[in-house]
Amino acid sequence: RTLERQLSISEVCLRVRLPKDEPGIQVVVCGEVPSLGSWNPTSGALMQKVKDLWVLNDLPPGVGAGTQFKYVILNKNQPRWEGRGNRNWREAEAPVVTHIWDSTQ
């Protein structure tokens, strides 16, 4: 089974679109709570690539509405942070949107 069959978009917690495909990278969700790495990107929640999006399937423990986070690209464990302000985790009932890297969307 491929990853694309295992993850249904309705189960996805977060998703982000990068401006270009970069081989060999990882994308993490890094934020203020321990399950998001406590702002340490190498300990952030690892996302998975599904087609042209990076997705986080499961809600990390301790995350709730308003939890602050950013997306971080790891290339050989070297972090590249989004250049925008921190994002806020959505309400549990809110629809999942596709975030755009470095955008206010």
Side-chain angles (χ1 to χ4, degrees):
R1 292 174 31 167
T2 67
L3 179 63
E4 291 167 28
R5 284 195 211 114
Q6 293 173 14
L7 293 180
S8 106
I9 290 299
S10 65
E11 298 169 352
V12 167
C13 191
L14 287 177
R15 59 185 178 220
V16 65
R17 184 181 313 275
L18 301 184
K20 63 180 181 179
D21 192 26
E22 300 177 56
I25 65 165
Q26 293 179 310
V27 179
V28 297
V29 180
C30 189
E32 63 180 324
V33 297
S35 62
L36 299 180
S38 299
W39 297 115
N40 176 354
T42 56
S43 299
L46 186 62
M47 301 185 83
Q48 308 219 359
K49 188 159 190 217
V50 177
K51 297 186 180 178
D52 61 342
L53 297 174
W54 288 85
V55 300
L56 183 67
N57 194 36
D58 298 316
L59 181 67
V63 170
T67 298
Q68 293 192 351
F69 71 96
K70 282 189 176 187
Y71 296 107
V72 183
I73 295 173
L74 295 176
N75 190 347
K76 299 183 178 119
N77 279 338
Q78 293 300 310
R80 187 165 81 231
W81 293 81
E82 283 189 289
R84 53 154 288 159
N86 294 343
R87 296 179 184 269
N88 290 304
W89 206 274
R90 67 185 175 85
E91 297 283 338
E93 302 79 34
V96 177
V97 297
T98 300
H99 291 138
I100 309 295
W101 173 265
D102 259 350
S103 167
T104 54
Q105 296 182 342

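Being a predicted model, the structure only gives us computed values, none of them experimental.
- One finds the CG atom of D58 at 7.5 Å from the SG atom of C13 (value rounded to the nearest 0.5 Å).
- Of all heavy-atom pairs between P60 and L36, the closest is CG-CD2, 3.7 Å.
- Listed here is the closest heavy atom pair of H99 and L14: CE1-CD2, 4.1 Å.
- The hydrophobic cluster containing V29 also contains V63, counting ILVMFWY residues as joined when their side-chain heavy atoms lie under 4.5 angstrom apart, directly or transitively.
- When all heavy atoms of V96 and R90 are compared, the pair lying nearest together is CG2-NH2, 3.1 Å.
- For W101 and Y71, the distance between ring centers is not under 6.0 angstrom.
- A donor and an acceptor atom, one from each side chain of N40 and T42, are located under 3.5 Å apart.
- Hydrophobic clustering keeps L59 apart from V28 (ILVMFWY residues linked when any side-chain heavy atoms are closer than 4.5 Å, directly or through intermediates).
- Distance check: I25 CD1 to L18 CG gives 5.0 Å after rounding to the nearest 0.5 Å.
- Nearest heavy-atom pair across P61 and V33 is O-CG2, 4.5 Å.
- Remark: the backbone N or O of G83 is paired with a side-chain donor or acceptor of D102 at under 3.5 angstrom.
- A donor-acceptor pair is defined here as one N or O able to donate and one able to accept, closer than 3.5 Å; no such pair exists between the side chain of R87 and the backbone of K70.
- Looking at heavy atoms from C-beta onward, I73 lies out of side-chain contact with E82 at the 4.5 angstrom threshold.
- When only modelled atom types and interatomic distance are considered, T98 and R17 share no side-chain donor-acceptor pair under 3.5 Å.
- Across every non-hydrogen atom of M47 and L56, the tightest pair is CE-N, 3.6 Å.
- Once rounded to the nearest 0.5 Å, the distance linking CZ of F69 with OG of S35 reads 12.0 Å.
- Considering CD of E32 and OG of S38, their distance stands at 9.0 Å, rounded to 0.5 Å.
- Looking at every heavy atom in both residues, P79 comes nearest to L74 through CA-CD2, 3.7 Å.
- Note on I100: it does not cluster hydrophobically with V72, by side-chain heavy-atom contacts below 4.5 Å among ILVMFWY residues.
- Salt-bridge formation is detected for the pair E22/R80: a Lys NZ or Arg NE/NH1/NH2 atom is positioned less than 4.0 Å from an Asp or Glu carboxylate oxygen.
- Here CD of Q48 is found 10.5 Å from CD of Q26. Values are rounded to the nearest 0.5 Å.
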